[in-house]
Enquirer: 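Mind having a look at this structure? Questions to follow.
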There are 2 protein chains.
Amino acid sequence: MLSSVDNVLRLVQLLRDTGGLRNKDAADALKIAPSTANRLLSMLVYRGFAVQDESHLYFPGPALAEPAIEDTGTRRLVLIVQPHLEEAVRRYGESANLIIRVGTSARFLSTVESPHPLRVGDRQGAVVEARKASGGKALLAELPRKTLERMYLGELAPHDQRMSDAEFDAFIAELAAVRRRGCAFNREAIETGVSAIGVAVHNPSGRGVAALSLSAPSSRFERIVTGGAEQFMRTIAEHVEDDLAGSLSSE
Amino acid sequence: MLSSVDNVLRLVQLLRDTGGLRNKDAADALKIAPSTANRLLSMLVYRGFAVQDESHLYFPGPALAEPAIEDTGTRRLVLIVQPHLEEAVRRYGESANLIIRVGTSARFLSTVESPHPLRVGDRQGAVVEARKASGGKALLAELPRKTLERMYLGELAPHDQRMSDAEFDAFIAELAAVRRRGCAFNREAIETGVSAIGVAVHNPSGRGVAALSLSAPSSRFERIVTGGAEQFMRTIAEHVEDDLAGSLSSE
DNA sequence: TATAGAATTCTGCTATGCGGAAAGACCTTC
DNA sequence: GAAGGTCTTTCCGCATAGCAGAATTCTATA
């Protein structure tokens, strides 16, 4: 048995079932040393399964709130998209990502990292708020207003995603601009110093199934925008759509 | 960085985001050897994060469908209940568990294992269907009928938990018997060869907050029932309730 | 029936991950 | 304000856990 692996899985269960705990609680519950618990909890924080507050308590992180999805061909999508992400990195020298939306979350399925020493790192597996991510906005922009209302307004909306009427109207206006422009931006909405441009990818029946994004340190970001990244990302998305259609018809 | 721990966390994310995969897919995606992927996936199966079907495909397991809960004092509850579980094991020689209900799931918070070589093992962290678990039934029995309808009947019910009208009526009748009797049974409903008796534990305002169960190999189970386990478990639950009330008033 | 690919098991080896010690932070009590 | 206790986090030496490759087994396809 892989004891370190087993310990971290039990720690995930403990976090899930207690809702929050201290390092010492974890060590006691799993009968491991506090230094071991500290290392394992740090890994959970690193991968988004836990967050630590300023009084050293650990709470369930965004990765613990995300349900599994049905198999919707994401493995195949990753393979199809990979060369296109590589092309985007070659062209602009910045990190490129494949993203899907699940509810109000955006999930990174894969990253091709920029070769620059200062770069946005591999986000594979990471989960962020769709409303803040460039790829998330690109996908949300294609949803009917009623769907967006259910997601972000009133009692049916997830509590932490709920917007005021004013916030919601501003968001709708922003998404209208995304539709006009054919791409969305995130300027440090998720992480200080990181900006991104994202476009939606559609299946043959026209539904947004994923998004591609190019992310860069903000210091280099405007340069890629003025360097034609908007049109380039739209073109890449079209190529991906062609490949998707082609791969479906060869089954 | 703990590479084996990091790999398994990334594997959890991969399983969540793909909805199902083969061993080789996992190895390729994480850039690890197939033998490594196999060992890690086996750990995920063991702890309920994955299930493997008969064609060797891995799918998200019950542990991946369970949301984190708010901190409701489960750590304190575990400490308060521990000596009572030990008393039950001393008295009957079988494994004793502390369980909470979350939605339609029952979660094992802690286990004190029987000293017998043949015994029901430590289930801490495990998740089962509440409707099948003795502790789960004890807690469900205390819910209003309308709540049970939302959980198990019609479109609002989780798809995998949905019952027909006939099944639901039979379940309601079973829960009425649980209320009359003050305890619930699971006779091999979850795992072949394992039976259990469970009772609810209430907070001072009378709400069921947890359950205690005694689980045994079915071959020894009737002996503990005829040995007064029903009344014993009810008594233990009362003692736990007294301790809970006492610990609240000392804060 | 043969072949190829994948899954799983086995095993030697080395790099990982353990726990203890130490340092630092914080809270409580006097 | 000082002392003491507890907890968190970091560091480090060491033992073994967990790696990948090889071998074996299984399954699907031609």
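Sequence lines set the chain letters: A, B, ... in the order given, protein chains first and strands last, and positions in each chain run from 1. Basis for what follows: all heavy atoms, side chains included, without hydrogens, waters or symmetry-related copies. Since the model is a prediction, treat every value here as computed from it, not as a measurement.
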Enquirer: Please report, rounded to the nearest Å, how far the P atom of dT16(C) is from the CD1 atom of Ile32(A).
Expert: 20 Å
Enquirer: Could you note down all residue pairs passing salt bridge (Lys or Arg N to Asp or Glu O under 4.0 Å) where residues 6-16 of chain A supplies at least one of them, sequence neighbours left out?
Expert: Asp6(A)-Arg47(B)
Enquirer: Listed by chain and number, what are the salt bridge (Lys or Arg N to Asp or Glu O under 4.0 Å) partners of Asp242(A), not counting sequence neighbours?
Expert: none
Enquirer: Could you check which of dA7(C), dA17(D), dC19(D) has an atom nearest any side-chain atom of Asn23(B)?
Expert: dA7(C)
Enquirer: Would you please say whether a donor-acceptor pair under 3.5 Å links the side chains of Gln124(B) and Thr111(B)?
Expert: no
Enquirer: Under the side chain to side chain donor-acceptor pair (under 3.5 Å) test, which residues partner Glu66(B), sequence neighbours left out?
Expert: Ser105(B), Arg107(B)
Enquirer: Could you state the CG-C1' distance from Asp28(B) to dA7(C), rounded to the nearest angstrom?
Expert: 13 Å
Enquirer: When the side chains of residues 49-56 of chain B are checked against the rest of the protein, which donor-acceptor pairs come out under 3.5 Å, sequence neighbours left out?
Expert:
unit_1	atom_1	unit_2	atom_2	d
Gln52(B)	NE2	His56(B)	O	3.4
Gln52(B)	NE2	Tyr58(B)	OH	3.2
Asp53(B)	OD1	Ser55(B)	N	2.9
Asp53(B)	OD1	Ser55(B)	OG	3.0
Asp53(B)	OD1	His56(B)	N	3.2
Asp53(B)	OD1	Leu57(B)	N	3.0
Asp53(B)	OD2	Ser55(B)	OG	3.3

Enquirer: Tell me, which pairs form a ring pair (Phe, Tyr, Trp, His ring centres under 6.0 Å) where one or both residues lie in residues 85-132 of chain A, sequence neighbours left out?
Expert: Tyr92(A)-Phe232(A)
Enquirer: For Lys31(A) and dC18(C), give me the distance from atom NZ to atom P, rounded to whole Å.
Expert: 17 Å
Enquirer: Identify, with sequence neighbours excluded, every residue that meets salt bridge (Lys or Arg N to Asp or Glu O under 4.0 Å) alongside Glu87(B).
Expert: none
Enquirer: Rounded to the nearest Å, what distance is computed from the CG atom of residue Asp53(B) to the P atom of nucleotide dA7(C)?
Expert: 12 Å
Enquirer: Strictly under 4.0 angstrom, non-hydrogen atoms only: write out the protein contact profile of nucleotides 22-27 of chain C, one letter per nucleotide from the 5' end, B, S or -.
Expert: ------
Enquirer: So Glu54(B), base contact, sugar-phosphate only, or nothing? Heavy-atom distance under 4.0 Å.
Expert: nothing
Enquirer: Looking at residues 4-22 of chain B, who's got a heavy atom less than 4.0 Å off DNA chain D?
Expert: Ser4(B)
Enquirer: Please tabulate the protein-to-nucleotide N/O contacts below 3.5 Å involving nucleotides 10-16 of chain D, giving atom names and distances.
Expert:
none

Enquirer: When the distance from CE of Met43(A) to C1' of dC18(C) is rounded to whole Å, what number comes out?
Expert: 15 Å
Enquirer: Tell me the interatomic distance from Leu57(A), atom CG, to dT9(D), atom P, rounded to whole angstroms.
Expert: 10 Å
Enquirer: Round to the nearest Å and state the distance from Asp25(A) atom CG to dC7(D) atom P.
Expert: 9 Å
Enquirer: What residue pairs, at least two apart or across chains, pass salt bridge (Lys or Arg N to Asp or Glu O under 4.0 Å) with a residue in residues 29-45 of chain A?
Expert: none
Enquirer: Report the residue from Asp17(B), Asp28(B), Asp25(B) that forms a salt bridge (Lys or Arg N to Asp or Glu O under 4.0 Å) with Arg75(A).
Expert: Asp25(B)
Enquirer: Measuring to OP1 and OP2 of dT8(C), would you say a side-chain N or O of Tyr58(B) lies under 4.0 angstrom away?
Expert: yes
Enquirer: Check salt bridge (Lys or Arg N to Asp or Glu O under 4.0 Å) between Arg90(B) and all other residues, then give those that pass, not counting sequence neighbours.
Expert: none
Enquirer: Name all residues meeting the side chain to side chain donor-acceptor pair (under 3.5 Å) criterion together with Thr104(A); count only those two or more places apart in sequence or in a different chain, and write none if there are none.
Expert: none
